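Notes for the one structure printed next.
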Protein chains: 2
Amino acid sequence: MKKPVSDLTLRRFPKYIQFLKTLQKRGEKYTSASEIARRLGVHHTQVRKDLALTGVRGIPKVGHKVDDLIKAITKFIYWDEISYAFLVGAGHLGTAILHYQGFVKAGFQIVAAFDKNPEKIGKNIASVKIYNIDRFSYFAEKMDVRIGIITTTSEVAQKITDLMVKNGIKAIWNFTPIKLSVPADIIVENVDIYPSLAVLLRKLHELEKASRKK
Amino acid sequence: MKKPVSDLTLRRFPKYIQFLKTLQKRGEKYTSASEIARRLGVHHTQVRKDLALTGVRGIPKVGHKVDDLIKAITKFIYWDEISYAFLVGAGHLGTAILHYQGFVKAGFQIVAAFDKNPEKIGKNIASVKIYNIDRFSYFAEKMDVRIGIITTTSEVAQKITDLMVKNGIKAIWNFTPIKLSVPADIIVENVDIYPSLAVLLRKLHELEKASRKK
DNA sequence: TAGATTGTTAATCGATTAACAATC
DNA sequence: TAGATTGTTAATCGATTAACAATC
């Protein structure tokens, strides 16, 4: 069995795509691992290793075709296939996610949203209809969706997780700061802003403490 | 000069706080590194090392006082001091962030928001007033704020960054997927959902490929 | 006391970076 | 050709985990 690619590595690919697309927009046909590295602030060897994983081969002295790189990376992280998802929790964050423009380029499509608030049920947000959470099982069976997005409050996140797992969801994109309990074969990806806030505040305060000392 | 704490380490502290607060709510007075480790799925030695950084000392056989741990961690990541921030870009994501309840516990307070959309200017979102982006310099000088949150489109993110840096912002919390260029002494923390989406989709598709093969 | 827990030092593991041969 | 670039193997670095003495 081949060794799975590490999360740390996978997480770099969207940044490569983002930069490559700006090159593409500027009309540049070729780029090099060194240019990508310089621009994104990562080591050029690392860029080479990452690109090698996608199977592309560059040409010495010339570099890589921008279009080919984008295509190879997009395929590698499966952004070339359509992936359907359900979203639960149509609050402010859920609304923001439903409005995200950028999911199109990742082949990512939210096909239904769920909430328990009667005022929201039946309405559309960014062309996605909001259903009563009671109907989750019904839609899950009907639509064969494997990805669930949780943008509820922390309090109900575990309950929603259990509901999702029971209804065939294989991957959960968790936007609450709660650690979810799931069976071993269920994928959980957490998006949490507090770790980032901790890093930001600690660094800022340490910096200011240091500059006061001088 | 003491070695700065690594980002990877800092990012774990909010998870500890989150778990400790659930214990606190349940009325538990004591906990152990082992319990935290088990519950959050990290190694107990790692929890011990992390806690040691904050300066707390546990009691063999007994463990740590929950209240003391929360206090020590909160102080370590400077969530016990008030930090003021400006937010630029009052779209869906900006709105969601302005509504975040959880910032209070981190001492984090958004004191003003900025946008260029005339329909938004003058209104309040979650009690935070929206001003014309033209007035950023004015408020920056008046209020002595050091943190800037960017929730604009990618297109204007660098321009807003430059504006912030010029006006004394020392730490930028960047919610766009753009790599920002800043002077060396400016702190940038990125919150980007695409890396997470890449991990989620790659893992899900690899899993499904593997299960089809069986 | 015995056992559970703490906290530290040493070993391991994996990611990053350095070095270098190959080549258009 | 010379030089820039690729891609790979080896070395380094840092984070995680193992081992273990100390102790309430």
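What you see is a predicted model, and the numbers here were worked out from it, not measured in a lab. Only heavy atoms go into these numbers, but all of them, side chains included; no hydrogens, no water, no symmetry mates. Sequence lines set the chain letters: A, B, ... in the order given, protein chains first and strands last, and positions in each chain run from 1.
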- Note on the structure: Side-chain contact check for K49(B): nearest option of dT16(D), dT17(C), dT6(D) is dT16(D)
- d(K21(B) NZ, T74(B) OG1) to nearest 0.5 Å is 6.0 Å
- Message: Salt bridge check, E206(B) against R202(B): does any charged N sit closer than 4.0 Å to a carboxylate O?
- Response: yes
- Can you find a side chain N or O atom of R12(B) that sits less than 4.0 Å from OP1 or OP2 on dT16(D)? yes
- Message: With a 6.0 Å cut-off on the ring centroids, do F86(A) and F114(A) count as close?
- Response: yes
- Message: Nearest whole Å is fine: how far is dT6(C) C1' from Y30(B) OH?
- Response: 15 Å
- Watson-Crick or G-U wobble partner for dG3(D), using a 3.5 Å limit on both distances? dC24(C)
- Message: With a 4.0 Å limit, can you tell me whether R57(A) has a side-chain N or O closer than that to the phosphate oxygens OP1/OP2 of dT6(D)?
- Response: no
- Going through the distances and angles, do K203(B) and Y78(A) end up as a side chain to side chain donor-acceptor pair (under 3.5 Å)? CA-CA 9 Å; K203(B) 283 188 182 170; Y78(A) 293 92; over 6 Å; no
- Kindly point out which of dT17(D), dT17(C), dT8(D) is positioned nearest to the side chain of Q46(A)? dT17(C)
- Task: Write down the distance between CZ (R11(B)) and P (dT16(D)), rounded to a whole number of angstrom.
- Result: 12 Å
- Query: Paired with dA19(D): which nucleotide, if any, by Watson-Crick or G-U wobble criteria at under 3.5 Å for both distances?
  - Reply: dT8(C)
- Query: Rounded to the Å, how far apart are L10(B) CG and dA15(D) C1'?
  - Reply: 14 Å
- Message: As a test of reading the structure: which of dT5(C), dT16(C), dT6(D) is closest to the side chain of P60(B), going by heavy atoms?
- Response: dT5(C)
- N/O donor-acceptor pair under 3.5 Å between S154(A) side chain and I178(A) backbone: no
- Side-chain N or O of S34(A) less than 4.0 angstrom from OP1 or OP2 on dT6(D)? yes
- What is the distance, rounded to the nearest whole Å, between atom NE2 of H43(A) and atom P of dG14(D)? 14 Å
- Establish, with yes or no, whether the OP1 or OP2 oxygen of dT5(D) is under 4.0 angstrom from a side-chain nitrogen or oxygen of H44(A). no
- Once you round it to whole Å, what is the distance between P of dA15(C) and CG of D7(B)? 17 Å
- With a non-hydrogen cut-off below 4.0 angstrom, is T45(B) in contact with a base, only sugar-phosphate, or nothing? base
- Query: DNA chain D: K61(A) or A33(A), which has the more 5' nearest nucleotide?
  - Reply: K61(A)
- Could you tell me the separation between the CD1 atom of I36(A) and the P atom of dG7(D), rounded to a whole number of Å? 11 Å
- Item | Aromatic centroids of F108(B) and W173(B) separated by under 6.0 Å | yes
- Query: At under 4.0 Å between heavy atoms, what does H64(A) touch on the DNA or RNA strands: base, sugar-phosphate, or nothing?
  - Reply: sugar-phosphate
- Task: Take atom CG of L51(A) and atom C1' of dT8(D), then tell me their distance rounded to the nearest Å.
- Result: 14 Å
- Task: Kindly point out which of dT6(D), dA15(C), dA18(D) is positioned nearest to the side chain of R48(A)?
- Result: dT6(D)
- What is the pairing partner of dC13(D), taking Watson-Crick or G-U wobble pairs with both distances under 3.5 Å in any strand? dG14(C)
- Task: Report the distance from atom CG of L8(B) to atom C1' of dG14(C), rounded to the nearest whole Å.
- Result: 12 Å
- Query: Base, sugar-phosphate, or nothing: which does T9(A) touch, judged by heavy atoms less than 4.0 Å apart?
  - Reply: nothing
